[in-house]
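By convention here, the first residue in the shown sequence is residue 1. Both backbone and side-chain heavy atoms feed into the values below; hydrogens, waters and symmetry mates do not.
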Amino acid sequence: MTSSDLDGAARAVREGDDDTALVKLLAAWSTYRAPELADLIAEVSRRATQPVLPGKPRTKAQAAWIELERHARPSETPALLASLVELLATGPSHLAVIRLDALLARAPDPRIAEALITALGGPIGGWSDKVYLRFVKLVSLHGDTRLAVRLETAVAARAANYMDAGDLQRLAKLPLAWAAHETAPAPDGIATVRAALAGEQPTARPAKRPAPHTDGAVLLAAIYADPSADDARQVYADHLQTASDPRGELIALQLARAAGRGTPATLAREARLLKAHRTAWLGPIAADVVIATVVWERGFPIAATTKIAKANAAEASFTRVEWATFERLEFGSASLVTPAMRALVEVRGLKVPAARKLGKTADLPPGLRSIGLEIEYTEAPLLEPAVVTLLALPTLRALAIDMRWVGVTAKTVAELCAVAGARLEELTLTGITLGDGALFVTALAAPPGALQTLRWGPNPNVMAIARRTKDRWTTIELSSPAARALVGGLPADQFAIAG
């Protein structure tokens with residue numbers, strides 16, 4: 001009942017527990033739409049210390065916002081809303097849509113409607129038809145009659161050419177919908193909460209986290225913050241096993257195997273646990289990977305092929321903290337490397353737009369050393385901006401470029417090899433535009449620099465050329481089945497045949 005929610009809110013206020021107070025007040029708001037109650041929610045919110053969310057770079061800001069929203073602490077909602085209002089003012093709109101969709105899943109909260117109406121009257125950098133549609137839904141769900149005048153003012157401030165007749169008609173109906181849900185008079189419980197607020201000393205507000213699963217959440221966060229630390233995983237495994245959670249057994253078994261203590265019996269047990277629980281343990285990213293490709297080590301996924309098709313979905317998923325333990329990813333369609341991927345060492349299937357963003361992204365995965373780039377259907381030179389960006393990454397040591405109808409000439413190959421030789425240890429070039437072997441001669445003639453391995457193919461003619469230039473390279477791998485018949489007496493430790 002509403003009265004019990006408000007009594008609980010009053011107790012929480014006296015104890016300095018803002019989170020619990022807001023949970024109780026919002027529960028009351030779900031059934032009791034009184035302006036006095038909305039004012040109480042706003043007052044308790046103002047008391048809570050807010051986290052500071054980054055504004056730029058966009059990928060880091062989006063990841064921080066999604067991670068904070070995932071915890072859904074009501075005392076931190078004002079920080080989420082302030083960041084959203086800023087994004088709506090500056091854009092891009094597709095990032096705003098992701099955040100608005102997250103808010104649509106929330107229970108009624110008058111602060112959401114108030115923030116969005118404030119944004120409506122401000123700058124329009126992040127507004128689009130999709131944003132307007134979600135705006136109307138959210139303000140209808142979360143609003144109340146206090147906001148009618150603000151809404152009218154915000155609509156008037158918006159230039160007419162940014163709203164069509166349908167938008168204006170829907171917005172005009174909102175105050176009537178709010179009035180239909182409003183309840184009066186205010187219960188005595190509101191006076192009890194106000195009395196608690198008036199009697200509390202400002203210093204008596206210790207930050208108190210919700211009790212359920214707090215220990216496990218903290219331990220899991222420590223693993224995501226430092227995926228290389230086995231100590232944190234062992235502590236988490238002990239915690240889960242105490243609670244009879246089978247995930248704890250998997251972590252313990254795989255940690256033991258990593259330390260050389262695995263047996264056929266424990267391997268079989270790992271397989272059974274994963275078969276039964278792997279989809280659930282992947283959590284919110286389970287729908288974004290091909291389950292059969294996921295590799296698990298030390299209790300967490302480390303490799304997978306993704307199956308996200310759209311850029312918006314990639315922005316929403318790849319910024320999640322659950323990607324922190326992945327060391328290898330093969331992008332099936334949409335691709336994006338984000339700071340959330342802390343342990344990432346190798347990626348394949350990176351597309352040109354995502355590659356170009358890497359040069360603008362702060363806090364890249366510190367161990368990212370191998371990238372496979374796909375370039376398709378363009379007359380751009382081989383050293384197009386995406387390749388230049390990748391070659392400038394300080395940690396990169398291996399680059400594979402798969403070309404489809406890319407403009408490749410002896411000059412562009414020479415330019416690429418000259419730059420790659422100064423930075424990389426491995427270079428792989430594949431594609432149907434690599435010519436009959438003359439371009440391979442150009443690549444071999446380039447000073448190797450730090451380059452130790454050159455992979456080229458498929459082309460059956462390049463092995464004969466490689467015979468005459470074998471002294472220049474430590475390793476040449478040729479992706480050509482026909483090359484097996486041509487290898488002859490070349491030293492096995494110098495030439496490898498792949499494919």
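No hydrogens or angles considered: a donor-acceptor pair under 3.5 Å links the side chains of R106 and T77. Inspection of the S317 and D288 side chains reveals an N or O donor paired with an N or O acceptor under 3.5 Å. Side-chain contact, S75 with D19: a donor N or O sits under 3.5 Å from an acceptor N or O. No side-chain N or O of T325 forms a donor-acceptor pair with one of R298 less than 3.5 Å apart. No side-chain donor-acceptor contact under 3.5 Å links R397 and S370.
A salt bridge is absent between R247 and E270: the closest approach of a Lys/Arg side-chain nitrogen to an acidic carboxylate oxygen does not fall below 4.0 angstrom. Salt bridge absent: R348 and E374 never bring a charged side-chain N and a carboxylate O closer than 4.0 Å. In this structure, D101 pairs ionically with R134, as a charged nitrogen and a carboxylate oxygen lie closer than 4.0 Å.
The two atoms that bring A420 and L427 nearest to each other are CB-CD2, 4.2 Å, heavy atoms only. I66 and A316 make their closest contact through CD1-O, 3.8 Å (heavy atoms, listed as atom of the first residue, atom of the second, distance). In terms of heavy atoms, T389 sits closest to A355 at CG2-O, 3.4 Å. Here the closest non-hydrogen pair linking I117 and F135 is N-CE1, 4.0 Å.
Between the H142 side chain and the D109 main chain, a donor and an acceptor come within less than 3.5 Å of each other. Judged purely by atom type and a 3.5 angstrom limit, Q62 uses its side chain to pair as donor or acceptor with the backbone of L95. Remark: the backbone N or O of K137 is not paired with any side-chain donor or acceptor of S140 at under 3.5 angstrom. A distance-only check finds no donor-acceptor pair linking the side chain of E327 to the backbone of L344 [under 3.5 Å]. When atom types are taken as modelled, the side chain of W65 and the backbone of L80 share a donor-acceptor pair closer than 3.5 angstrom. Judged by distance alone, with hydrogens and angles left aside, the side-chain atoms of S335 form a donor-acceptor pair with the main-chain N or O of K351 at under 3.5 Å. No side-chain donor-acceptor contact under 3.5 Å links T293 to the backbone of V289. Of the possible polar contacts, none joining the R342 side chain to the G367 backbone as a donor-acceptor pair under 3.5 Å is found. Of the possible polar contacts, none joining the T305 side chain to the V290 backbone as a donor-acceptor pair under 3.5 Å is found. The closest donor-acceptor contact from the side chain of R111 to the backbone of P74 lies under 3.5 Å.
Each of R233, R257, R328 was checked for a salt bridge (Lys or Arg N to Asp or Glu O under 4.0 Å) with E297, and the lone residue meeting it is R257. In summary, of the residues considered (I285, V345, V347), a side chain to side chain contact (heavy atoms under 4.5 Å, CB included) with F326 occurs for I285 alone.
Taking 4.5 Å as the limit, some side-chain heavy atom of L416 sits within range of a side-chain heavy atom of L391. Side-chain atoms of P108 and L141, non-hydrogen and from C-beta on, do get closer than 4.5 Å to each other. Side chains of L81 and L103 form a contact here, defined as non-hydrogen atoms less than 4.5 Å apart. Within the 4.5 Å cutoff, side-chain heavy atoms of L373 are placed close to those of I375. E426 places none of its side-chain heavy atoms less than 4.5 Å from the side chain of L399. Counting heavy atoms from C-beta on, the side chains of P301 and L282 come closer than 4.5 Å. Between I401 and L390, the closest side-chain pair of non-hydrogen atoms is not below 4.5 Å. Proximity of H94 to K130: side-chain heavy atoms (C-beta onward) are nowhere separated by under 4.5 Å.
Here CG of L250 is found 12.0 Å from CZ of R278. Values are rounded to the nearest 0.5 Å. Remark: R269 CZ to L274 CG distance equals 10.5 Å, nearest 0.5 Å. Atom CG of L116 is separated from atom CZ of R150 by 12.5 Å, given to the nearest 0.5 angstrom. Distance check, rounded to the nearest 0.5 Å: CG of L336 to CZ of F318 gives 7.0 Å. R356 CZ to L350 CG: the interatomic distance, rounded to the nearest 0.5 Å, is 11.5 Å. Distance CG/L220 to OH/Y236: 4.5 Å, rounded to 0.5 Å.
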task: Could you please spell out the steps behind the salt bridge (charged side-chain N to carboxylate O under 4.0 Å, His left out) verdict for E315 and K357?
output: CA-CA 12 Å; E315 289 271 7; K357 288 181 180 180; 3.5 Å; yes
task: With side-chain hydrogen bond (donor to acceptor under 3.5 Å, both in side chains) as the test, would you mind laying out the steps for D238 and Q234 before giving the verdict?
output: CA-CA 6 Å; D238 295 342; Q234 187 62 67; 3.3 Å; yes
